[in-house]
Amino acid sequence: MAKRYDAIVIGGGHNGLVNAAYLARSGLKVLVLERRHILGGATLTEEIVPGFRFSVFSYVVSLLRPEIIRELQLPKHGLEILPLDGTITPLDDDYLWRVNDHGKTIRELRRWSLNDAEAYEEYGPLMAEMGRFIKPILSLPPPDPAKLSPGEWLPLTPLAKQFRDLPRRLQTTFIQLMTMSAADFLDQWFETEPLKATCCCTITWGRSTAPSAPGGSPGAGPARSRTRSPAPRWPRVQRSERKPPSRASERREGARRASCWSRARRSRRTW
């Protein structure tokens with residue numbers, strides 16, 4: 001083993017391995033240190049229960065950038081990405097099951113709430129549009145907010161132009177996602193707790209704050225959490241128990257607040 005290295009990466013998980021690979025590609029001599037007997041971290045598949053193999057910690061691979069897959073030639077080295085067939089939220093005496101088949105998912109949501117099934121038809125495509133808008137940010141180095149140099153923020157200029165060209169509805173949704181808590185955002189859309197809990201899981205991946213923390217949707221900054229009264233059970237909403245839909249008025253109020261926030265931000269001079 002060589003005595004001197006240009007870089008030492010502590011931890012042989014997927015992030016450590018990617019960093020080490022890029023450092024090595026640039027010509028540096030790299031050492032990767034891993035406590036376990038196997039590399040891979042959260043990407044490992046292990047036989048936890050005899051006869052059954054599990055993906056130990058990896059839930060999805062959507063944040064693995066395609067340029068990393070391409071530049072490191074990962075398929076050549078055995079990478080195979082399997083499509084996520086769906087999610088299941090187990091309850092005491094029931095479940096909520098979302099699958100790749102949109103029709104089956106809507107029928108499943110109708111078991112819980114006709115209102116939510118209708119809202120989900122709009123929610124899904126809207127989140128897909130937001131994902132397409134936000135995705136390029138993942139490849140940009142984050143600016144240092146402590147520096148006043150305009151050069152720090154220049155890489156975000158194309159994003160600002162794209163935001164300006166978005167329809168007003170998508171601008172409002174983006175501002176809500178960046179400023180509201182995940183819980184409050186989902187309360188505007190759905191009435192069924194299991195569905196909101198399932199969506200909270202996908203919205204708050206990678207965060208260490210509660211779904212009730214402001215700015216907790218896709219990942220703004222740390223914020224103070226507020227407590228909510230836990231419900232011991234999540235009863236299925238029967239059709240006769242459904243209240244008149246109030247999501248539309250809540251959404252309008254959220255849009256009004258977001259619009260006011262946006263105007264206030266534009267009027268504030270930050271130099």
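As a basis for the values below, the full set of heavy atoms in this structure was taken, side chains included, without hydrogen atoms, waters or symmetry mates. Please read all numbers here as calculations on a predicted model, not as lab measurements.
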Next on the checklist: Quick one, Leu91 with Leu96, criterion side-chain contact (heavy atoms from CB on, under 4.5 Å). Give me CA distance, side-chain angles, the key distance, then yes/no.
Outcome noted: CA-CA 8 Å; Leu91 306 173; Leu96 177 65; 5.7 Å; no
Item to check | Intermediate values then yes/no, side-chain contact (heavy atoms from CB on, under 4.5 Å), Ile69 and Ile81 | outcome: CA-CA 11 Å; Ile69 298 176; Ile81 298 178; 3.9 Å; yes
Item to check | Lys/Arg cation over aromatic Tyr95: Arg111, 6.0 Å, 45° cone | outcome: yes
Checklist entry - Counting N and O atoms only, with roles assigned by atom type, does the side chain of Thr192 sit under 3.5 Å from a partner on the main chain of Pro194, one being a donor and the other an acceptor? => result no
Checklist entry - So do the side chains of Ile134 and Phe174 get within less than 4.5 Å of each other, counting heavy atoms only? => result yes
Checklist entry - Quick one: are Leu72 and Tyr22 in side-chain contact, heavy atoms under 4.5 Å? => result yes
Item to check | Connected via hydrophobic side-chain network under 4.5 Å: Leu17 and Ile68 | outcome: no
Checklist entry - Between CD of Glu191 and CG of Leu114, what distance do you get to the nearest 0.5 Å? => result 9.0 Å
Checklist entry - Considering only heavy atoms from C-beta outward, does the side chain of Leu23 approach that of Tyr5 to under 4.5 Å? => result no
Next on the checklist: What's the separation between atom CD in Glu193 and atom OG1 in Thr89, rounded to the nearest 0.5 Å?
Outcome noted: 12.0 Å
Next on the checklist: Between Gln176 and Gln171, is the side-chain contact (heavy atoms from CB on, under 4.5 Å) condition met? List the steps.
Outcome noted: CA-CA 9 Å; Gln176 289 179 338; Gln171 289 182 352; over 6 Å; no
Checklist entry - Taking all non-hydrogen atoms of both residues, which atom of Glu121 and which atom of Pro125 are closest, and how far apart? => result O-CD, 3.0 Å
Checklist entry - Leu170, Leu177: one ILVMFWY side-chain cluster at the under-4.5 Å cut-off? => result yes
Next on the checklist: For a salt bridge (Lys or Arg N to Asp or Glu O under 4.0 Å) check, start with the C-alpha distance between Arg65 and Glu71, then their side-chain angles and the critical distance, and finish with the verdict.
Outcome noted: CA-CA 10 Å; Arg65 308 300 300 136; Glu71 291 170 0; over 6 Å; no
Checklist entry - What about Met178 and Leu126, same hydrophobic cluster or not, with Ile/Leu/Val/Met/Phe/Trp/Tyr joined at side-chain heavy-atom distances under 4.5 Å? => result yes
Checklist entry - With the 4.5 Å side-chain cut-off for hydrophobic clustering, are Val9 and Leu74 part of the same group? => result no
Checklist entry - Could Arg110 and Glu118 be called an ion pair, given the rule that one side-chain N must be under 4.0 Å from one carboxylate O? => result no
Next on the checklist: Same cluster or not: Leu28 versus Leu31, using hydrophobic residues (I, L, V, M, F, W, Y) connected whenever any side-chain heavy atoms lie under 4.5 Å apart?
Outcome noted: no
Next on the checklist: Could you tell me if the side chain of Phe190 sits less than 4.5 Å from the side chain of Cys199, heavy atoms only?
Outcome noted: yes
Item to check | His14/Leu64 under side-chain contact (heavy atoms from CB on, under 4.5 Å): CA gap, chis, key distance, verdict | outcome: CA-CA 10 Å; His14 56 290; Leu64 178 57; over 6 Å; no
Checklist entry - So, do Thr173 and Phe185 sit near enough that their side-chain heavy atoms are less than 4.5 Å apart? => result yes
Item to check | Heavy-atom closest contact (Leu109 atom, Asp116 atom, distance) | outcome: CD1-O, 4.5 Å
Item to check | Student check: side-chain heavy atoms of Phe133 and Leu159 closer than 4.5 Å | outcome: yes
Checklist entry - For Leu154, does the CG atom have more than 12 heavy-atom neighbours from other residues, nucleotides or ligands under 6.0 Å away? => result yes
Checklist entry - Going by distance alone, is a donor N or O of one side chain under 3.5 Å from an acceptor N or O of the other, for Arg98 and Tyr120? => result yes
